[in-house]
Amino acid sequence: MAAEAGAWTSSSDQTKLFIYPTPIPELILLDTPSALEKQIGMVRREITGYYTGVHSKAQGIIDRWISVEEKVETRIKSFRDPTEPLNPGLLYTGISALTTSVLTRSRGLPTRILLPPTALIGAFAYFLPGTASRVGAYGRELEDRYVPRFGDIRRTSIAHSGIAWERAKESAAVGRDSVNKGVKSIVESIEQGTGLNLKAMGWGQEVKKEAQSVVDVIQKDTKEVIESKSPSSDSEDSKRLV
């Protein structure tokens with residue numbers, strides 16, 4: 001009987017209703033990505049990082065190029081002499097180089113290669129001397145900064161050429177004076193021997209003109225020899241410096 005009473009009590013406790021309503025349990029949803037989503041996310045992050053790196057490198061290259069352009073533009077503007085108009089000078093310089101190129105197109109290869117740039121530089125220095133001097137000063141600055149040995153060789157060769165040219169001029173002047181004295185002595189001896197007045201006849205002046213032309217030809221040939229030997233002197237100077 002006691003067992004039956006305990007069983008009834010427990011069953012009655014299980015079927016007993018609560019006074020308050022039973023609360024509804026909360027459902028918590030966990031966002032758990034799948035393996036495919038994880039792979040897609042990783043690939044997307046790698047692509048985004050690679051694109052960001054490439055973009056930053058490209059932007060750095062663009063910025064450096066813009067800075068170089070600004071430096072070049074500033075340097076080119078600094079070459080201009082405000083007292084010289086560029087419009088006719090550059091036009092004449094280009095026409096000179098083009099004309100030289102057209103005239104030398106049927107010549108030898110060295111002439112076609114060397115003469116047009118030489119004409120361009122000469123015309124540029126003639127029509128725009130101030131601008132050419134500024135460009136030359138900048139070229140000498142770069143030469144002293146990067147290739148000082150070549151600058152020393154160039155200055156030494158120019159100094160030697162100038163000294164040789166001055167000596168040639170002095171020799172030509174001395175030769176001209178000696179020729180004039182010789183012509184004068186010959187005319188005077190002929191006048192004394194024959195009694196003719198050659199100076200009044202103008203013969204002496206013609207002889208002097210002929211002698212003067214001979215001296216001029218000798219002076220011109222000497223200048224050409226000096227100019228032809230200047231490259232060899234440059235090579236000798238470079239060998240000595242090396």
Side-chain angles (χ1 to χ4, degrees), residues 1-82 84-87 89-91 93-95 97-98 100-102 105 109-110 112-114 116-121 123-124 128 130-154 238 241-242:
M1 292 293 292
E4 292 178 357
W8 182 80
T9 302
S10 61
S11 62
S12 62
D13 292 335
Q14 292 177 356
T15 58
K16 185 179 179 180
L17 299 176
F18 293 98
I19 298 174
Y20 300 101
T22 304
I24 300 173
E26 295 180 358
L27 297 177
I28 300 175
L29 300 177
L30 299 177
D31 188 8
T32 304
S34 63
L36 180 60
E37 291 177 346
K38 291 180 179 179
Q39 293 293 330
I40 293 174
M42 184 177 64
V43 172
R44 183 178 59 82
R45 286 189 294 271
E46 289 181 357
I47 293 175
T48 304
Y50 179 75
Y51 172 76
T52 304
V54 171
H55 182 269
S56 61
K57 289 181 180 179
Q59 190 65 37
I61 293 173
I62 292 172
D63 294 337
R64 287 196 296 270
W65 179 256
I66 291 174
S67 65
V68 170
E69 285 184 347
E70 291 177 352
K71 290 180 180 178
V72 171
E73 183 180 0
T74 304
R75 176 60 66 180
I76 291 175
K77 287 182 179 179
S78 67
F79 290 153
R80 181 181 178 182
D81 190 352
E84 293 178 349
L86 294 178
N87 188 11
L90 292 178
L91 181 62
T93 302
I95 290 174
L98 182 61
T100 307
S101 178
V102 171
R105 63 181 179 179
L109 184 60
R112 285 184 292 173
I113 293 176
L114 297 177
T118 305
L120 177 65
I121 296 172
F124 182 66
L128 298 172
T131 305
S133 63
R134 294 189 178 189
V135 174
Y138 179 67
R140 289 189 293 271
E141 180 183 350
L142 293 179
E143 183 182 65
D144 295 335
R145 184 185 302 174
Y146 297 106
V147 282
R149 186 182 297 274
F150 180 77
D152 295 336
I153 295 171
R154 183 183 60 81
S238 62
L241 290 174
V242 172

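Along the sequence shown, residues are numbered consecutively beginning with 1. These numbers were taken from a predicted model, which means no experiment stands behind them.
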Enquirer: Search all heavy atoms of S101 against all heavy atoms of P116 and return the closest pair with its distance.
Expert: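 Taking S101 first and P116 second, the nearest heavy atoms are CA-CG, 4.0 Å.
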
Enquirer: Can you tell me how far apart OG1 (T100) and CG (L114) are? Round to the nearest 0.5 Å.
Expert: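 So the OG1 of T100 and the CG of L114 are separated by 12.5 Å.
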
Enquirer: Return the minimal non-hydrogen interatomic distance between F124 and T131, and the atom names on each side.
Expert: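 Looking at all heavy atoms of both residues, the shortest contact is CZ-CG2, 3.7 Å.
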
Enquirer: Could you list the residues that satisfy salt bridge (charged side-chain N to carboxylate O under 4.0 Å, His left out) with K77, not counting sequence neighbours?
Expert: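 For K77 the salt bridge (charged side-chain N to carboxylate O under 4.0 Å, His left out) partners, ignoring immediate neighbours, are E73.
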
Enquirer: Enumerate the salt bridge (Lys or Arg N to Asp or Glu O under 4.0 Å) contacts for residues 34-59, please, sequence neighbours excluded, ordered by first and then second residue.
Expert: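 For residues 34-59, and leaving out neighbouring residues, there are no salt bridge (Lys or Arg N to Asp or Glu O under 4.0 Å) pairs at all.
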
Enquirer: Between R154 and E143, what is the shortest heavy-atom contact and its length?
Expert: NH2-OE1, 2.9 Å

Enquirer: Identify the two heavy atoms, one from L90 and one from L128, that lie closest to each other, and give their separation to 0.1 Å.
Expert: CD2-CD1, 3.7 Å

Enquirer: At what distance, to the nearest 0.5 angstrom, does CD1 of I62 lie from CH2 of W65?
Expert: 12.0 Å

Enquirer: Rounded to the nearest 0.5 Å, what separates atom CG in D63 from atom OG in S56?
Expert: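 Nearest 0.5 Å value for the CG-OG distance: 11.0 Å.
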
Enquirer: Nearest 0.5 Å, please: how far is CG in L98 from CG in L120?
Expert: 11.0 Å

Enquirer: Considering non-hydrogen atoms only, spot the tightest contact between R134 and R80 and give its length.
Expert: NH1-O, 2.7 Å

